[in-house]
Every structure is written in C-alpha cells, then in structure tokens.
Amino acid sequence: MNLENARVLENKEVKPNFRKLKLYSPKVAAEAKAGQFLMIKPTVVNDPFLGRPMAIYDSDKTLGIIEILFMIKGRGTKLLAEVKVDDALPVIAPLGNGFKITETDKNVVCIAGGVGMAPIYSLIKELHNKDISNNIIVGARTEAMLLGLDKLADLCMAVDIYTDDGSFGSKGLATMGLENILKEQKIDRVYCCGSMIMMKNVAKITALYGIPCQVSLEERMGCGIGICMGCVCGHKKEDGSHGLARVCYEGPVFDAEEVIWHE
Amino acid sequence: MNKPNLAVEFAGIKMKNPVMTASGTCGYGRELNRIFPLERLGGISVKGTTLEPRLGNNMPRIAETPAGLLNCVGLQNPGAVKVTQKELPWVVQHDLAVIVNIAGGAVEDYGKVAAMVSNVQGVAALEVNISCPNVSAGGMAHGAKPETAAAVVKEVRQNTNLPMIVKLSPNVTNIVEIAKAVEKAGADAVSLINTLLGMEIDIESRSPLLGNKVGGLSGPAVHPVAVRMVWQVAQAVKIPIIGMGGIMTAEDALQFMMAGATAIAIGSGTMVDPMTPIKVIEGLEEWLIKEGIADIKQIIGAALPGKL
C-alpha cells in the first residue's frame, strides 16, 4: 500500500456523466491487482474531507499508469471531474483484496454492470494474459451507460451486451445472458461487479448451478483502510455463523456465498 | 539545539510523545501497524469494548459533512472475551501506552469489562466511554448527568487498579459539571471530546441518511468546540486532560495543549490520511525547535488565565 500524490495525465469524458482519469502513480501501478481499489481526493486540501473509493480500472506497470472510471454523482465526483492535467491528487492504494484467479480454470464468465466495469476490466485483462477462456457479459440500463466497450474492443474480446431498454445489444438483464451460458457451457467460475441487485441475482443463479462466484461490493466508505468500521456487509463465516465484514479490508471482493444479501 | 523532549507522564501513564490515536479510529492497531510502526505513537486507545459482542448499527454508517464526518458505527466489537484473549495480547507487545476504551449498557457491565481488561498484562489504562452517541442503551446517557457519570466511574474504580480516564460527551449543558463529578468519583484523567450529535438528511429520499438516523460529528468542524471545552475543564479540575477533536496538524494539537491538555488524540484525521498522527508528532518537534522550547510540558496550559 502506498500514500502518494498521483499526477493527472488525462481527464476524459467517456459517456455523458461518466469520466475516466489517467494517473501517473508508478508505485500503485506496480502493485495493483485486479479488483483492488484506491482512495482518492480531488485536492490536497481536506475538502472534501474524505477520500472516495474507486476501483482500479486499468494499470500499466511499465508506464507507471493507473486509470479510474467513475460516474459524476455527488460533490466528490463532481470535483474529481474538474481536475486538470498535472494536478496532484492524494491517493492511498492499492487497497483491499482483489479477485482470486484459479490458474487451473479453463472457462469463466465475467459480468459487469454499468460502472462495475472498472474492476471487471482489470480482471478481464489478467484472465486474458493467463489464457483463461472468458465469456464477457456487459449490462447497463441504457446505451449511454455502457462502459468499457472501447477497451474490450482493443483486447479483441467478444462481448455479450444487454440493456434494460434495448437501446444497444439484447433487451433485458445481464443475468439472462449468464443463464444461457450456464445452460450451454461448462463454466468453472463466475465473476461479477454491478448493482447490488445484479450481484445478488448472479449469486442466486450461480448457487443454483453450483458454480463458484466472486462479487466485488461497493459501499460508502470512511477510511478505506479498515480502521473505522464504516463499510461493513453481512457476512457468513467459515463456521457458518453470521457476522460482519469490512468491505474495504476483508473485501471488496467476496465469494458470493459468504455475502448475506439484503432482501 | 538538542532534540526537544516530547515525553509526557500523567495519571501514571507514560508516553514517549503526547500523541495518541482515538478510540474507534484505529481498531486494535493491526491495520495501522502495516502503515507505520505502532511504536511511533505515544499511545493508542483501542476500539470501544463491551461485555457482549456488538454488531453495531445498520449501514450507512458514514456521512461526509463540511470539514468533517458523521458516523453511527455503534460500537461494533467482538466483546470483552475475544478482545482480552485475541486483540489486547497482540497490541500490548508494542512499546506504546495501550489504553482500552470500555463501554457498557448497564453500570455493572462497565465493572465486569474493567475487571476483565485489568487482568491483561501490559495495559496502561482504561478509558471509560460514557459518551458514545450511537448506542441506545447506555453510552451517552451515562455521561449526560453528573450523578449517572459518577455512578459508572465508581463502579469501574471498584473493579480496577489501572489508571482510569473518563471520556466525556460534548452533548451536555455543562461539561465542566460532568468533569468535576467524575473527578470527585475517582477518575484519574478525563478525555474530551467525544463526537457531537448530528444528522444528515438525504434530500432525494427525504429521510435521514444514516442507518441510525443520528450520528456523531467529528473532524475539523468540531475543533474549536473541543478546544473551548478543554480550556474550560482545565480550569475546573486538577486531573490531567487528553484533548481531542478535529486535529489534523501539529498546530491543531498545540491549541489543545495550550488549553490545558497533557496529551492529545487523533481520530478522523487518521481516517483521512493514516500518516496524520506521525505528521503531528514530527510537527510538534519542529515547532518546539523553532520556538527554542526544550520540553513540550512547558506549553501545557499556556493559554489558561494567569499563565501569560
């Protein structure tokens, strides 16, 4: 883990209300694993007071570059959207536990919902480098919220696309695509990051098919480093008892069967 | 000049410097020890420990506010048995003052937890939390009146020989009265302030944002309130004070010490930047050198009436 000021290399709109920041942060780029995140602030002064958790979208060890992808939602992301090239942004990273890749896996599924593409893209790249066959499903409410397709195209990956309104790809939910694949192919593992409802449904389907699944949870965070207990989720322990786990420290990636989902 | 002396000693607690991390913002030290050696700190006040395990409050537990944050974690902790068996033996191996924050529902619970913690070798002191705004039973209710505060202090006193620090709530009409009452009841020191009760409303859902509706405000927003309270309490009691509330820099810490605090604690500041406590220690040393002051103890209470 590093605390450093990352220099802004690029601040680009990728879709209306969605932006990508490219940052020079060699130490973080060197250590980052798929599914890990960073705490980032738009300025060096403590306003806004708290950092914002952001999944690492892409990283390049050689160039020392990392990328984040975000939706402009509140004050923090609005200020992040306005940063200029060469601004220094305080970053704590990489944080949390990323996706666990099993080298012997032959065929997996990755599902990204909306901005959930950020950690999933890192994972797709890593699976690609390890020559693990991968079925990619991308879902969004509408075409304007489909993210990361350009980067996936650069990897020459086939993508199954679903939008709620049918404005792009098939009309419907990404989980429909998952069920189709599970019916037709032997799948070793499913990875997902999207809305809570998407991840809950993916967890349900994979449980039904008896296929291991990892999900990357999103939560409002205080510190991002495990000291404040501000970002807990319901969690089943190994002995079967129910407790809480910190999304920032024990997560953000969990085995789907460990997570206690809200009704 | 030679390196100034940063060490402080109060109520039988020795610290190599006056900087502690505040309870609830440093766990039991394990996570911070991955970022800097825990020994750099003067002391650590570990997460509030209750007799039984507590799951805490529903999410969301954190809301950012202007110059600070609200939290409603609600004393999530694994309970006194696990804390005394698993957490404290680890943290007391480190060379710093380990202070165990204890909280309870019933007055008797405080006594039981105090007795259990006192059996762990190497604990420097207890910090009795009568000021948590995030638990319905006990917590702040105990600290709201001089009589109830004193009752908890007496109960703990009967169950421990360790130095007893009492953590005071700012959510009272007159904090000086509470400080005087706990001093009289046997407290060895007081720490202040705990968080200020507050609320954030989500205008989209038109309802309180936090899972517990209300939460405790901390961060730079509360700093002047906390400094004022330390300054008032310092003039009314003889026991030493640990000052806290929104410390981000050595200058913020110096204000507390000049107001009469012997030591200070950092909470929200560590959440925002985990190196804040270390930066404050280094900043205090630099400031003393710049001012030509050989010992930090010389500035304690410098801003109190009659000291100028």
Side-chain angles (χ1 to χ4, degrees), chain A residues 1-5 39-53 73-79 89-96 196 217-235 237 241-250 259-262, chain B residues 21-22 24-36 46-48 53-78 134 202 204 209-211 215 218-221 246 248-249 267-276 278-279:
Chain A
M1 190 211 337
N2 303 281
L3 296 95
E4 64 180 3
N5 285 340
M39 292 298 279
I40 189 166
K41 302 180 92 181
T43 63
V44 288
V45 298
N46 290 313
D47 182 30
F49 192 63
L50 299 170
R52 298 294 186 270
K73 208 173 171 185
R75 183 162 173 259
T77 45
K78 206 171 168 185
L79 289 167
L89 313 187
V91 157
I92 310 176
L95 297 170
M196 280 306 252
L217 302 188
E218 183 183 36
E219 194 47 84
R220 191 181 271 269
M221 285 182 191
C223 65
I225 55 172
I227 60 173
C228 80
M229 303 291 158
C231 65
V232 294
C233 67
H235 187 252
K237 293 189 198 151
S241 66
H242 287 195
L244 296 168
R246 292 165 289 187
V247 173
C248 74
Y249 202 75
E250 279 83 26
V259 178
I260 300 164
W261 304 94
H262 293 291
Chain B
T21 50
T25 58
C26 53
Y28 304 93
R30 290 181 200 267
E31 298 82 6
L32 284 181
N33 194 49
R34 291 170 57 177
I35 300 171
F36 59 79
V46 303
K47 179 77 188 165
R54 279 185 59 93
L55 286 174
N57 289 320
N58 287 339
M59 295 289 292
R61 291 177 170 185
I62 303 281
E64 188 175 68
T65 60
L69 72 137
L70 287 164
N71 90 82
C72 67
V73 170
L75 292 176
Q76 180 187 334
N77 81 97
N134 294 325
D202 176 4
E204 248 174 71
L209 186 144
L210 291 171
S218 61
M248 304 297 291
T249 64
S268 308
T270 317
M271 290 171 61
V272 171
D273 172 359
M275 289 303 283
T276 302
I278 305 303
K279 290 175 183 169

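What you see is a predicted model, and the numbers here were worked out from it, not measured in a lab. So that the names make sense, note that chain A is the first sequence line, chain B the second, and so on, each numbered from 1. What you see below is based on every heavy atom in this structure, not just the backbone, and it leaves out hydrogens, waters and symmetry mates.
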Cut-off 4.5 Å, heavy atoms of chain B, and the answer for A/L50 is both

**Request:** Check whether any side-chain heavy atom of A/F49 lies under 4.5 Å from a side-chain heavy atom of B/V272, and answer yes or no.
**Result:** yes

Do the non-hydrogen side-chain atoms of B/P274 and A/L3 ever get within less than 4.5 Å of each other? yes

Comparing A/G243, A/C231, A/G224 against chain B, the one with the most heavy-atom pairs below 4.5 Å turns out to be A/C231

Measuring only between side-chain heavy atoms, which start at C-beta, is A/R220 closer than 4.5 Å to B/L209? yes

Taking everything shown except A/E218 itself, do over 12 heavy atoms lie less than 6.0 Å from its CD? no

Under 4.5 Å to a heavy atom of chain B? For A/M229 that would be both

Exercise for review: Determine whether B/I62 and A/M221 make a side-chain contact, defined as any pair of heavy atoms from C-beta on separated by less than 4.5 Å.
Suggested key: no

Okay, B/T21 and chain A: the region with an atom under 4.5 Å from a heavy atom over there is neither

Notebook entry, point to check: Is B/E31 close to A/R246 at the side-chain level, that is, under 4.5 Å between some pair of heavy atoms?
Noted result: yes

Chain A shares the most heavy-atom pairs under 4.5 Å, among B/G68, B/G27, B/P220, with B/G68

SG of A/C223 to CG of B/N71, rounded to nearest 0.5 Å, is 11.0 Å

So do the side chains of B/E64 and A/R52 get within less than 4.5 Å of each other, counting heavy atoms only? yes

Smallest heavy-atom separation, A/G230 atom then B/M59 atom, equals O-CE, 3.2 Å

Review point. Would you say A/I225 and B/R34 make side-chain contact, with heavy atoms under 4.5 Å?
Key: no

Whatever's closer than 4.5 Å to a heavy atom in chain B on A/N46 counts as side chain

